[in-house]
Amino acid sequence: MNHQPYETWLFSQEELEVDQLKELKVHLHLCEQCNALATALAEAEGQLSSEDLIAPAPGFTNRWRERIQQRKHVSQKRHTSLLFGAFSAGALILSLPLIVRWFLIALSPGDIVIRVMAEVVDWVAVFGFTSDVTTAVLDGMIDTIPMEWWFTFAFVLFSLISLWIVMMHRIQLRPQAEVID
Amino acid sequence: MRNSVQTDESIWLELSRDGDEDAFAQLVNSYQAPVFNLCYRMLGEAAEAEDAAQEAFLKAFRNMKRYDPNRKFVNWLLTIASNHCVDRLRKRRIRFISLDEWIQGPKANSSEVGPESAIVLQEGREEIQEMIEQLGAQDRAAIILRYWYDMSYEEIASSLSLSIGAVKSRLHRARREIAELWLENQRLMTIGKRRQDEPSTV
């Protein structure tokens, strides 16, 4: 017996025309197989419709709060590690030429110690020189630049430092967005 | 009353969009049952359903900025939950669920029914859940969204990122599969009953 299109009509949820409905009823009366399927579908659908919503165990919202705090903590730790790593990498890259120079020249641990001391002395000397030059320049400028300009300069510097601190803080606290599947 | 609930919800939604956890916790409180139920029906295990529902709420909170207020919030939540469950099912190995786990699992409000009716109810529920678990991940999601949440073809299509035609064909296939499984279960039950009724020859 040909079961089409009756099977399709039976399982589709589209509304059937009056004639189609009559035809289907006749077929179900004649065909035992389709009739059994129609009865099974009606019973299963009845069971599906009577099923209640299953609720989670009490305290679901509190467990959600705990989970979000836990994730935040992990995310903050990850950000801090990333920042620390970035700064360390930057410092390493900056000091790389210096380290290479020492290792190329130095032959023994004693040489390394002497080299380090010489570098420190050099840096102190450079700092002293820079300090002298800055003092001399500032001494010269202090009379020529008006007081309002100094205040403006100090204000801009203070704002930039504050902005930097705020930005760093926000980068640390920003939650990571996830893509909805 | 309904209006005041809706107003409360729109306030919570607005605050949640700005990252207010307390406001979103109110939404979690309101929608925990539909989201958990979906995950439970999809995954079949209470512990996994709890984890999936929690993750779905977490994803929703982190993506609140992307929520379109013109869409029903619960449908958006169910979309996230069903996609999360479909992913889990795809990753999951085939596992066998013991009957003990079922009996100890969360039960719906059956306080008004007697012990015999409760057993019948539980058997029917197991039968339905077992049949649902025979379906493919997306067919399962389509059936659950259709029968438990009365979603239209359009809403299911949007939730599962499918065309309306694909949803219709999936539902058609799933309904056929459910009917066949139901029929098979009935046949096996009849055979079992007949064997029990037959007098022992030993």
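All chains are named by letter (A, B, ...) in the order of the sequence lines, taking the proteins before the strands, and each is independently numbered beginning at 1.
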Pairs of heavy atoms under 4.5 Å with chain B: top-ranked of A:L41, A:L10, A:N62: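 With the most close heavy-atom pairs to chain B, the winner is A:L41.
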Residue part contacting chain A, namely of B:A53, when any heavy atom lies under 4.5 Å: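 Backbone plus side chain of B:A53, per the 4.5 Å heavy-atom cut-off to chain A.
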For B:I132, is it the side chain, the backbone, both or neither that has a heavy atom under 4.5 Å from a heavy atom of chain A?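 The side chain, not the backbone.
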At a heavy-atom separation under 4.5 Å, does A:Q69 approach chain B through its side chain, its backbone, both, or neither?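 For A:Q69, side-chain heavy atoms alone lie under 4.5 Å from chain B.
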Apply side-chain contact (heavy atoms from CB on, under 4.5 Å) to A:L53 and B:Y149, showing your working. CA-CA 10 Å; A:L53 283 189; B:Y149 301 96; 4.0 Å; yes
What are the two closest non-hydrogen atoms of [X] and [Y], and how far apart are they?
X	Y	result
A:F11	B:R175	O-NE, 2.7 Å
A:I54	B:N37	N-OD1, 2.9 Å
B:W148	A:D52	NE1-O, 3.9 Å
B:A25	A:T61	O-CG2, 3.4 Å
A:P56	B:A33	CD-CA, 4.1 Å
A:A44	B:I128	O-CD1, 3.7 Å

Counting only heavy atoms not in [X], do more than 12 sit closer than 6.0 Å to its [atom1] atom?
X	atom1	value
A:Q4	CD	yes
A:Q70	CD	no
A:W150	CH2	yes

Test A:I68 against B:F61 for side-chain contact (heavy atoms from CB on, under 4.5 Å), laying out the working first. CA-CA 10 Å; A:I68 202 165; B:F61 181 57; 3.1 Å; yes
Is there a side-chain contact (heavy atoms from CB on, under 4.5 Å) between B:N29 and A:F60? Walk through the geometry before answering. CA-CA 8 Å; B:N29 209 28; A:F60 183 87; over 6 Å; no
For chain A, which of B:Q54, B:Q186, B:E180, B:R146 has the most heavy-atom pairs under 4.5 Å?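 With the most close heavy-atom pairs to chain A, the winner is B:Q54.
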Stepwise, does the side-chain contact (heavy atoms from CB on, under 4.5 Å) test hold for B:I178 with A:E45? CA-CA 9 Å; B:I178 282 178; A:E45 279 191 318; over 6 Å; no
Mind checking whether [X] and [Y] have side chains closer than 4.5 Å, heavy atoms only?
X	Y	result
B:L58	A:W64	yes
B:H172	A:T8	yes
B:D22	A:R65	yes

Roughly how far, to the nearest 0.5 Å, is CG of B:L183 from CD of A:E43?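 Here the rounded value is 9.0 Å.
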What's the separation between atom CZ in B:R62 and atom OG in A:S75, rounded to the nearest 0.5 Å?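 It comes to 7.0 Å.
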Matching residue for A:R67 among B:E21, B:E50, B:E55 - test: salt bridge (Lys or Arg N to Asp or Glu O under 4.0 Å):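 With A:R67 as partner, B:E21, B:E50, B:E55 yield a single salt bridge (Lys or Arg N to Asp or Glu O under 4.0 Å), made by B:E55.
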